[in-house]
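Each remark here refers to the structure printed beneath this line.
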Amino acid sequence: MSAATERLPLRPVARRFFQRPTLEVARDLLGCLLVHETPEGVVVGSIVETEAYGSGDPGSHAYRGKTARNAPMFEEPGRAYVYFTYGIHHCLNAVTETDGVAGAVLLRAVEPVDGLDLMRARRVGVRDRDLARGPGRLTKAFAVGSEHNRADLTSSELRVCSGERLPEQMVQRTARIGLGRTQDGRRWRFAVKASPWISAGPTGAARATGSRRS
DNA sequence: CAGAAGATCATCT
DNA sequence: GATGATCTTCTGT
């Protein structure tokens, strides 16, 4: 591993880190390191953007109750919830709350810290800045797929390791755009302010809610 | 069983 | 800013 991460402890966070209110977890995941070890090598990224999906959020997969797909959101905190969308992309979530209560945090972007060459190989032809800037790009750069659904993020080869605690000044918290507000206001996006690695902002704006083609 | 929508991204104008 | 890609999941009949 490179000098950048040699000095870091790369210690997985504890289960109880995830067994908390979704908003808190989403906030505290900023600055943590996402690590994935595969036979090809190791990639490490610093989490710079997250999105909270708590109960009562109409945008949450769990809003209408438990189904085959969203079941992991109701299960053990600290595990991964991976789903496939738009026929192309996988999205990686960390399950939160307690067993029986649905909650998850979508990992939207990381700043590449280690394994840059491996990420580049998985994302041929894109600028380094775009390697993992966006939930779909992140899973591609980190080779995360459906096989990681329910992976234990506190102990498996795909894990979240503690990083630095970011000062509040660096944290930007915004209501999610595009799908309307929730009554309890639980849907929020957290990002490291002014980080060039976040997908939020003009370039990452959600597509307007319009009718779709037939 | 059919239809629609989707926690996105790359590409084009 | 608009659009196609590509397929899973959910809903209604």
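Chain naming here is simple, since letters A, B, ... match the order of the sequence lines and numbering starts at 1 in each.
- Side-chain contact of A/E97 with A/T22: a donor-acceptor pair under 3.5 Å is present, judged by distance alone.
- In this structure, a donor-acceptor pair under 3.5 Å is present between the side chains of A/S155 and A/D152.
- Between A/L138 atom CG and B/dT8 atom C1' there is a gap of 13 Å when expressed in whole angstrom units.
- Base pairing analysis places B/dT13 opposite nothing; no Watson-Crick or G-U wobble pair with both distances below 3.5 Å involves it.
- Under the 3.5 Å distance criterion, with hydrogens and angles disregarded, a donor-acceptor pair is assigned to the side chains of A/S199 and A/E49.
- Between A/R123 atom CZ and B/dT11 atom C1' the separation is 14 Å, expressed in whole Å.
- Checking C/dT9 for Watson-Crick or G-U wobble geometry (two distances, each under 3.5 Å) identifies B/dA4 as its partner.
- Applying the 5.5 angstrom centroid cut-off and the 30 degree plane-angle cut-off, the aromatic ring of A/Y86 is not stacked upon the base of C/dA5.
- Per the geometry, CZ belonging to A/R137 stands 6 Å off C1' belonging to B/dC9, to the nearest Å.
- Only the P atoms considered, B/dA5 is 16 Å distant from C/dT3, to the nearest whole Å.
- Under the stacking definition used here (centres under 5.5 Å, planes under 30°), the residue A/Y53 qualifies as stacked on the base of B/dA7.
- Distance, A/L107 CG to B/dT8 P: 13 Å, rounded to whole Å.
- Out of C/dA5, B/dA7, B/dA10, the shortest distance to the side chain of A/I88 is found at C/dA5.
- Rounded to a whole Å, the NE2 atom of A/H61 is 11 Å from the C1' atom of C/dT8.
- Relative to the ring axis of A/W197, A/R133 does not place its NZ or CZ within 45° and under 6.0 Å from the centre.
- Residue A/G136 is in sugar-phosphate contact alone, with no base atom involved, counting any heavy-atom pair closer than 4.0 Å across all strands shown.
- For the pair A/R108 and B/dT8, the criterion of a side-chain N or O lying under 4.0 Å from OP1 or OP2 is met.
- Considering only the side chain of A/N93, B/dA7 comes nearest among B/dA7, B/dT8, B/dC9.
- Picking from C/dC10, C/dC7, B/dA7 the nucleotide with the shortest atom distance to the side chain of A/R69 gives C/dC10.
- Distances shown here put a side-chain N or O of A/T67 below 4.0 Å from the OP1 or OP2 atom of C/dC10.
- In this structure, the nucleotide among C/dT8, B/dG6, B/dC9 sitting nearest to the side chain of A/P135 is B/dC9.
- The interatomic distance linking A/F84 (CZ) with C/dC10 (P) rounds to 15 Å, in whole Å.
- In this structure, A/Y63 atom OH and B/dG6 atom P are separated by 14 Å, rounded to whole Å.
- Atom pair A/H89:NE2 and B/dT8:C1' shows a separation of 4 Å (rounding to whole Å applied).
- The side-chain heavy atoms of A/R122 and A/L131, taken from C-beta on, include no pair separated by under 4.5 Å.
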